[in-house]
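Residue numbers run from 1 in the order of the sequence given.
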Amino acid sequence: MYIYVFSQPFAIFSLMILTDAPGWFISLFIINKAVEKVKNQEIKQKHWLWLAAAAAIGMLIKESVVFSFIFILWYQLFSAVSHKQRIIGLIFSSGVFIITFVISQWITYELFNDSILGRLFSQQERVGFVYYTKSNAAQIFRIIDFYWLLVLIGIASVQMAIKQFSIKNELFAFSCAFVSSIILIPMYPFIVDRILFMVAPTLVIFAVLSTRFLKKLLLPVVLLGGIINIGAAWLIYRYNSQGLLVWGLFIYGFILLGALIYENKASIKIKHLFD
């Protein structure tokens, strides 16, 4: 939770009168319900359909809710026990999502002369197709800023996490949803951290896995990272300061390195006591 709220897109834009935060909440709620049902072995085909419909309706709040549907598709694919279930599940879930989305967009168009597709097409006509370039690719880093270093540490713990927590399907689904979303996001002609933040749940999961190496120091380094994240964002927006991201990476990297050395030395000493 701390990693999520101390990421600068959430810390900044959740305080504004925007629909982003409600959209992120709905997406997290749908993802949580899917994982909860699967882990408790209560999931049935009707649940996948309800979740798909909820994602389509949630897009009326914010388009970023689509991430939850992408996650559901991958999660359903990895959770199914047979190829038949996978095919049937994906077809029905996609069908329900598309039908619900089309109906909801038709209603909004009839009532308000506006829709997601209408805005998407008008923006595409105005600015053209925009993909990742040197100037906007840095926005991927701005999703969680310096917490990316925690993600890298967490990736080194994936194999252990799969064995210890039995979350193989969840990690695969989150990873595939992240990659799919990053590839598809340029369909919306604005590559900015506020929109890219919809993939943050994946990054948060991997960042938390860094607890294997950081242990009790994870919470302190998360709080320090949050201070650096928000402090750097404030200086950039307030004073247009240059080079802060590089300095922030250096400072936070130094803190993490110190935490890793400290915890590893402590673990080695404890191990020697029992040898």
Side-chain angles (χ1 to χ4, degrees), residues 13 17-38 43-80 83-132 173-192 194-202:
F13 296 108
I17 304 176
L18 297 168
T19 58
D20 294 84
W24 296 329
F25 167 76
I26 294 170
S27 188
L28 288 172
F29 182 82
I30 292 171
I31 291 171
N32 180 68
K33 281 298 178 183
V35 174
E36 185 181 80
K37 288 290 183 181
V38 171
I43 197 71
K44 296 179 181 178
Q45 184 59 50
K46 65 179 182 180
H47 296 132
W48 293 117
L49 300 182
W50 280 114
L51 291 169
I57 295 174
M59 290 181 67
L60 291 171
I61 302 297
K62 187 64 181 178
E63 298 94 322
S64 60
V65 178
V66 72
F67 178 77
S68 63
F69 173 67
I70 296 173
F71 170 80
I72 287 171
L73 287 183
W74 284 109
Y75 196 29
Q76 189 173 6
L77 181 67
F78 290 121
S79 301
H83 292 300
K84 182 179 179 180
Q85 283 188 354
R86 291 187 180 95
I87 295 173
I88 293 176
L90 293 178
I91 291 175
F92 276 88
S93 295
S94 299
V96 167
F97 176 83
I98 292 172
I99 292 172
T100 307
F101 177 77
V102 169
I103 292 175
S104 65
Q105 292 305 300
W106 175 76
I107 292 173
T108 58
Y109 182 78
E110 290 295 320
L111 293 177
F112 309 109
N113 195 32
D114 192 14
S115 67
I116 293 175
L117 293 177
R119 275 180 280 165
L120 175 63
F121 292 144
S122 65
Q123 292 294 342
Q124 289 285 7
E125 289 179 2
R126 187 171 65 87
V127 301
F129 182 73
V130 178
Y131 208 69
Y132 295 108
F174 271 115
S175 300
C176 291
F178 172 83
V179 173
S180 302
S181 299
I182 289 295
I183 293 174
L184 294 174
I185 279 175
M187 291 179 62
Y188 196 78
F190 295 103
I191 301 176
V192 294
R194 183 163 62 93
I195 296 173
L196 290 166
F197 191 70
M198 72 180 190
V199 305
T202 298

Start with the C-alpha distance between Leu196 and Ile182, add both sets of side-chain angles, then the distance that settles side-chain contact (heavy atoms from CB on, under 4.5 Å), and finish with yes or no. CA-CA 8 Å; Leu196 290 166; Ile182 289 295; 4.0 Å; yes
Begin with the C-alpha distance, continue with both residues' side-chain angles, and end with the deciding distance and a verdict on side-chain contact (heavy atoms from CB on, under 4.5 Å) for Glu63 and Ile195. CA-CA 9 Å; Glu63 298 94 322; Ile195 296 173; over 6 Å; no
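Judged purely by atom type and a 3.5 angstrom limit, Thr202 has no side-chain atom pairing as donor or acceptor with the backbone of Ser175. Of the possible polar contacts, one joining the Thr19 side chain to the Ile61 backbone as a donor-acceptor pair under 3.5 Å is found.
The two residues Ala52 and Ile72 have their closest heavy-atom pair at N-CD1, 4.3 Å. Gly23 and Val65 make their closest contact through O-CG2, 3.5 Å (heavy atoms, listed as atom of the first residue, atom of the second, distance). Here the closest heavy-atom approach between residue Gln76 and residue Ser93 is recorded as OE1-OG, 2.8 Å. Summarising the geometry of Ser27 relative to Ser64, their closest heavy-atom pair is OG-O, 4.5 Å, with the distance given to 0.1 Å. Nearest approach of Leu120 to Met187, heavy atoms of both residues: CD1-O, 3.1 Å. Summarising the geometry of Trp74 relative to Ala177, their closest heavy-atom pair is CD1-N, 3.7 Å, with the distance given to 0.1 Å.
Enclosure of atom CZ in Phe78 by more than 12 non-hydrogen atoms of other residues, nucleotides or ligands within 6.0 angstrom is indicated. In the displayed structure, Phe92 atom CZ is contacted under 6.0 Å by at most 12 heavy atoms of other residues, nucleotides or ligands.
No option in Phe67, Phe29, Phe197 other than Phe197 meets the ring-ring contact (aromatic ring centres under 6.0 Å, His included) test with Trp24.
A distance of 3.5 Å separates CD1 in Ile185 from CE in Met198, rounded to the nearest 0.5 Å. Once rounded to the nearest 0.5 Å, the distance linking CG of Leu28 with CZ of Phe25 reads 8.5 Å. To the nearest 0.5 angstrom, Ile70 atom CD1 is 3.5 Å from Ser181 atom OG. Distance check, rounded to the nearest 0.5 Å: CD1 of Ile116 to CD of Gln105 gives 4.0 Å. The line from CD1 of Ile31 to CD1 of Ile26 is 12.0 Å long, rounded to the nearest 0.5 Å. Separating the CZ atom in Arg86 from the CG atom in Leu73 is a distance of 14.0 Å, to the nearest 0.5 Å.
Pairs of residues two or more places apart, or lying in two chains, never qualify as ring pair (Phe, Tyr, Trp, His ring centres under 6.0 Å) while including a residue from residues 103-125.
The shortest side-chain heavy-atom distance between Phe101 and Leu117 falls under the 4.5 Å cut-off. In this structure the side chain of Ser104 never reaches within 4.5 angstrom of the side chain of Ile57, judged on heavy atoms.
Every residue meeting the ring-ring contact (aromatic ring centres under 6.0 Å, His included) condition with Phe71, not counting sequence neighbours, appears here in chain and number order: Tyr75, Phe174.
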